[in-house]
Amino acid sequence: MHLAASGPWWDELSATAELALVVLRADGVIEHVNPFLAGLVGQPAASLVGRSFVDALVVDAHRERAASFFLGGEQAVPTEPIIIPLNAMNGARVEIRWTRVRCDLGPVKRFHAASGIDLTLQMRQEAEIERSGAMVFSYLQASPEAVVITDASGVIVVFSDGAEKVFRCKREGMAGKPISDLMPARFRAAHAALADGFIRSGAPSRKMGERTEIRALRYTGEEFAAEATIARLDLIIFDASSPAFAACDFVQALRRDAHGRNRHAPVLVITAYTQFSRINIARDSGANFVIAKPLTPMMFLQRIQWLSRDRRGYVDCATYAGPDRRFKFQGPPPGTDGRRAGDLKGELGIATEPNMSQADIDALMQPTRFVL
Amino acid sequence: MTSLKQYFPANRLADAVSRAKPLSVEECLKQADENLRHIQGACADHVDRTLELLETRLREWPAERDVAYLDSLYQLVLRLIGAATTAGLPDLDRAAASLCEVLEGLASGRGWERDPIDIHVHALRLLRRPAGLGPGVVRLLEGLTKVRTKYAAG
């Protein structure tokens with residue numbers, strides 16, 4: 001952009017509600033600030049005029065970069081925008097991506113002008129979307145039933161809406177706390193032993209309180225009788241649309257955890273990425289199936305049914321752990337006759353020719369010599 | 001020598017399915033549709049926020065070829081896929097998938113042009129309110145197909 005000295009350029013430009021604009025004198029003193037930038041830093045535009053832009057607004061650690069960027073010679077106007085944060089009056093830090101603008105405002109005075117885009121809101125929105133991307137947890141958190149999920153050490157990672165009502169406390173306050181906080185002190189040691197026993201038992205789920213009464217503790221300190229079930233996961237569904245494809249790292253770690261309770265749990269990976277390489281990554285991480293977005297309930301139901309009938313073996317070797325990636329036809333399902341012309345029907349009956357001798361077998365197998 | 005172990009663990013999902021209360025397929029799908037209707041509003045909000053971010057990001061179009069920038073657009077567009085269909089906007093989903101292909105094409109070296117992206121983003125904005133477009137939706141998607149055919153990779 002090349003600004004002319006005459007014309008209502010400033011009024012026109014400064015009216016924008018999306019761009020932060022500043023015009024500096026040659027010594028870095030503020031000549032103009034538009035209302036949008038003034039609003040971002042929480043100071044009236046008039047109070048900023050006449051002050052050093054770098055000293056008044058730029059975050060300490062970035063002042064040297066800012067001085068070089070904003071006040072560099074006209075011959076070397078930076079072509080690349082850079083992010084320079086400003087201090088706002090409320091103590092917040094405003095991230096702005098700045099672009100230097102060439103300007104020619106008159107033969108005597110020399111000015112530096114720059115426009116910037118506020119990234120603060122964008123970063124906040126992106127972070128919010130990233131958080132909403134954790135679909136598995138968000139669905140569980142929205143559950144009207146009291147669902148509490150812990151990590152392997154018993155620390156709470158998911159606390160549902162229903163759990164907030166039952167235990168009368170906020171999710172934010174419970175995340176990171178041990179699950180034993182939800183039970184009266186006299187049951188805590190016993191719970192730890194029972195949970196450990198459950199982990200080692202191999203049982204898919206257990207209704208807690210089958211042997212003893214379960215008592216739980218509200219945030220208010222009130223005890224109440226509870227009915228609870230602890231369970232392993234029967235199905236894991238992962239949204240792998242994140243940039244880092246982190247779901248596949250998770251699946252790989254899950255499959256390689258030799259003592260993990262959910263090592264053999266079926267995993268459905270959902271992704272909007274459907275390039276061949278991406279599907280291969282998901283398959284090689286140990287996922288059972290990959291489903292492309294958008295999803296439909298029917299498609300989902302079909303995949304779950306497939307998984308429940310999956311008879312594939314598991315492979316564990318140095319380079320891979322997970323369901324066998326080789327699909328091999330092993331005859332019709334047990335108990336059925338099969339629909340292929342080559343499928344054998346009914347009983348096989350007794351052998352109709354003599355057994356092969358070892359020499360016959362050896363001739364087929366092409367044995368090689370070796371020394372013990 | 002590589003050691004390989006193959007074994008057949010119990011299929012817990014099969015057990016869970018057999019233990020579950022029997023439900024007809026129709027009933028399952030009906031309940032799933034009801035649940036999806038429940039989150040339709042949240043998905044529409046997600047689509048709106050993502051479109052805003054996409055438009056903001058597009059205003060920062062770099063002067064020179066920048067694959068990382070295209071990738072950042074791609075990541076944003078991906079967030080629309082799936083959520084748009086749940087929000088009752090399947091055509092927006094298709095347009096987003098088309099834009100992903102165009103972005104892949106541009107990233108893999110098929111020119112450095114802003115127009116095919118602008119056209120798609122404008123179409124996404126229009127498809128956010130498809131009721132006003134009427135039969136124009138079909139023509140819009142046909143137009144996007146032509147653009148995609150020209151710019152998509154492979």
Side-chain angles (χ1 to χ4, degrees), chain A residues 18-19 79-81 97 99 117 119 121-122 125-126 128-129 132-133 138-139 142 202 204-205 231-235 239 241-243 262-266 270-275 292-298 300-301 304-305 307-321 324, chain B residues 1-20 25 28-33 35-36 38-39 42-43 45-46 49-50 52-53 56-57 59-60 62-64 71-72 74-86 90 93-94 96-97 100 104 153-154:
Chain A
E18 292 171 347
L19 279 180
T79 53
E80 292 293 325
R97 177 179 289 131
T99 304
I117 294 169
L119 300 176
L121 179 63
Q122 185 182 341
Q125 285 175 329
E126 283 182 347
E128 192 183 322
I129 285 183
S132 71
S138 60
Y139 284 141
S205 67
R232 291 186 179 80
L233 300 176
D234 296 319
L235 174 66
D239 189 337
S241 297
S242 63
N262 295 304
R263 188 182 189 198
H264 302 123
I270 302 165
T271 181
Y273 290 105
T274 53
Q275 300 103 317
K293 289 182 181 179
L295 305 174
T296 64
M298 175 59 92
F300 219 67
L301 185 60
I304 291 172
Q305 285 182 329
L307 283 175
S308 72
R309 292 170 189 168
D310 193 0
R311 295 289 178 266
R312 268 188 290 169
Y314 266 66
V315 171
D316 195 347
C317 64
T319 53
Y320 174 76
D324 196 339
Chain B
M1 178 187 281
T2 303
S3 69
L4 184 146
K5 189 168 72 169
Q6 185 172 23
Y7 55 102
F8 292 82
N11 187 331
R12 289 213 305 261
L13 182 62
D15 293 342
V17 169
S18 66
R19 285 196 313 271
V25 171
C28 282
L29 296 179
K30 190 177 149 199
Q31 288 184 12
D33 285 336
N35 289 334
L36 288 177
H38 183 65
I39 60 168
C43 286
D45 290 344
H46 171 88
R49 284 202 310 272
T50 308
E52 280 170 22
L53 282 178
T56 304
R57 190 81 180 108
R59 282 197 286 271
E60 299 164 16
E64 294 177 0
D71 189 54
S72 70
Y74 190 86
Q75 303 299 341
L76 281 172
V77 181
L78 277 179
R79 295 173 184 177
L80 293 170
I81 298 177
T85 295
T86 308
D93 223 318
R94 289 187 194 103
C100 277
E104 274 177 29

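Here is the naming used below: chain letters follow the sequence lines, and residue numbers restart at 1 for every chain. The figures here come from the full heavy-atom set of this structure, side chains too, leaving out hydrogens, waters and symmetry mates.
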_Parallel, tilted or perpendicular, as decided by the 30° and 60° cut-offs, for the rings of A:Y314 and B:Y7_ =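 Taking A:Y314 first and then B:Y7, their aromatic rings sit tilted (interplane angle of 30° to 60°).
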*Check the surroundings of atom CD in B:Q6: do more than 12 heavy atoms from other residues, nucleotides or ligands lie under 6.0 Å from it?*
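Enclosed.
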*Contact part of A:L307 toward chain B, heavy-atom cut-off under 4.5 Å: side chain, backbone, both or neither?*
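For A:L307, backbone and side chain are both near chain B.
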Looking at [X] and [Y], what are the two nearest heavy atoms and their distance?
{"X": "A:P297", "Y": "B:D33", "answer": "CG-OD1, 3.6 Å"}
{"X": "B:T85", "Y": "A:P294", "answer": "OG1-CB, 3.5 Å"}
{"X": "A:S308", "Y": "B:L13", "answer": "N-CD2, 3.7 Å"}

*Say you draw a straight line from NZ of A:K293 to CG of B:D93; how long is it, rounded to the nearest 0.5 Å?*
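With rounding to 0.5 Å, NZ (A:K293) is 9.0 Å from CG (B:D93).
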*asked:* Has B:N11 got a side-chain atom pairing as donor or acceptor with A:P266's backbone, closer than 3.5 angstrom?
replied: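 No; judged by distance alone, with no hydrogens or angles, the pair does not exist.
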